[in-house]
*Asks:* 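Before we start, here is the structure in question, set down as structure tokens.
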Amino acid sequence: MQEIPIRSFAVSVVVIRHAATGSEVLLLRRTRSLAGEWCQIAGAIEPGETAWQAALRETLEETGLELQQLYSADICEQFYEAERDAISLLPVFVGIAAADAAVRLNPEHSQSRWVGFGEAAGMVPFAGQRHVLRHVEQEFVAREPSRWLLIHPRD
């Protein structure tokens with residue numbers, strides 16, 4: 001019996017801010033893989049790094065944002081990669097940014113937009129991303145997130 005490997009090598013980060021007009025999610029337009037598509041932050045976990053450390057580093061590298069808070073989203077993004085015949089499983093994190101946070105893009109992205117969750121769901125290309133966005137809206141916007149999901153980075 002042939003098995004399909006499960007790979008967990010990267011993280012996904014949904015950054016939200018609580019603006020005067022309501023809660024918004026940050027989407028980035030990609031320039032390399034998935035060029036032209038709107039996505040949340042994602043990136044590889046480097047050797048010796050925890051998943052939550054990768055989430056903070058990738059957020060800073062891709063957007064210049066230093067998050068006010070970081071949570072485990074208590075969900076994973078999963079998808080099948082045909083070229084590798086593998087299932088990728090990415091832990092999802094929720095980052096809280098300041099309402100007036102300014103985004104500085106790196107070359108991996110051509111644009112950024114803060115949008116409402118409904119608009120974001122219409123912009124992302126995959127059903128798995130829409131599922132993650134609905135979960136984040138329900139568990140981190142519509143209600144107070146569980147304090148047990150808050151990550152306390154050690155200095």
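Since the model is a prediction, treat every value here as computed from it, not as a measurement.
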*Asks:* Membership question, hydrophobic clusters at under 4.5 Å side-chain separation (ILVMFWY): are Ile41 and Ile75 in the same one?
*Replies:*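 They do not share one cluster, since no chain of ILVMFWY contacts under 4.5 Å joins Ile75 to Ile41.
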*Asks:* Ring centroid separation for Phe79 and Phe126, is it under 6.0 angstrom?
*Replies:*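 No.
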*Asks:* Could you check Leu65 against Leu26 for side chain to side chain contact (heavy atoms under 4.5 Å, CB included), going step by step and ending with a plain yes or no?
*Replies:* CA-CA 11 Å; Leu65 294 175; Leu26 178 64; 3.9 Å; yes
*Asks:* Is any NZ, NE, NH1 or NH2 atom of the basic residue among Glu37 and Arg30 found under 4.0 Å from an Asp or Glu carboxylate oxygen of the other?
*Replies:*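 Between Arg30 and Glu37 there is no salt bridge, as every charged N stays at least 4.0 Å from the carboxylate O atoms.
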*Asks:* Could you go through Glu139 and Val94, starting from their C-alpha distance and side-chain angles, then the distance that decides it, and tell me whether this counts as side chain to side chain contact (heavy atoms under 4.5 Å, CB included)?
*Replies:* CA-CA 10 Å; Glu139 299 299 325; Val94 176; over 6 Å; no
*Asks:* Ignoring hydrogens and angles, state whether a donor on the side chain of Thr50 or Trp52 is under 3.5 Å from an acceptor on the partner side chain.
*Replies:*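 Present: a donor and an acceptor within the cut-off.
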*Asks:* Run the numbers on Ile96 and Phe140 for side chain to side chain contact (heavy atoms under 4.5 Å, CB included), then give the verdict.
*Replies:* CA-CA 10 Å; Ile96 310 298; Phe140 292 85; 5.7 Å; no
*Asks:* I'd like to know whether Cys39 forms a side chain to side chain contact (heavy atoms under 4.5 Å, CB included) with Leu34, so could you lay out the CA-CA distance, the side-chain angles of the two residues, the decisive distance to 0.1 Å, and finally the verdict.
*Replies:* CA-CA 9 Å; Cys39 297; Leu34 299 173; 4.3 Å; yes
*Asks:* Are Leu56 and Ile16 co-members of a hydrophobic cluster defined by side-chain heavy atoms under 4.5 Å apart?
*Replies:*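 No: no chain of side-chain contacts under 4.5 Å links Ile16 to Leu56.
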*Asks:* Honestly curious: do Leu70 and Leu149 fall in one hydrophobic cluster under the side-chain, below-4.5 Å linking rule?
*Replies:* no
*Asks:* Please say which of Leu133, Val25, Leu27 ends up in a side chain to side chain contact (heavy atoms under 4.5 Å, CB included) with Met123.
*Replies:*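 So the option named by the test is Leu27.
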*Asks:* Side-chain heavy atoms under 4.5 angstrom apart, residues restricted to Ile, Leu, Val, Met, Phe, Trp, Tyr: same cluster for Val13 and Ile151?
*Replies:*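 They do share one cluster, since a chain of ILVMFWY contacts under 4.5 Å joins Val13 to Ile151.
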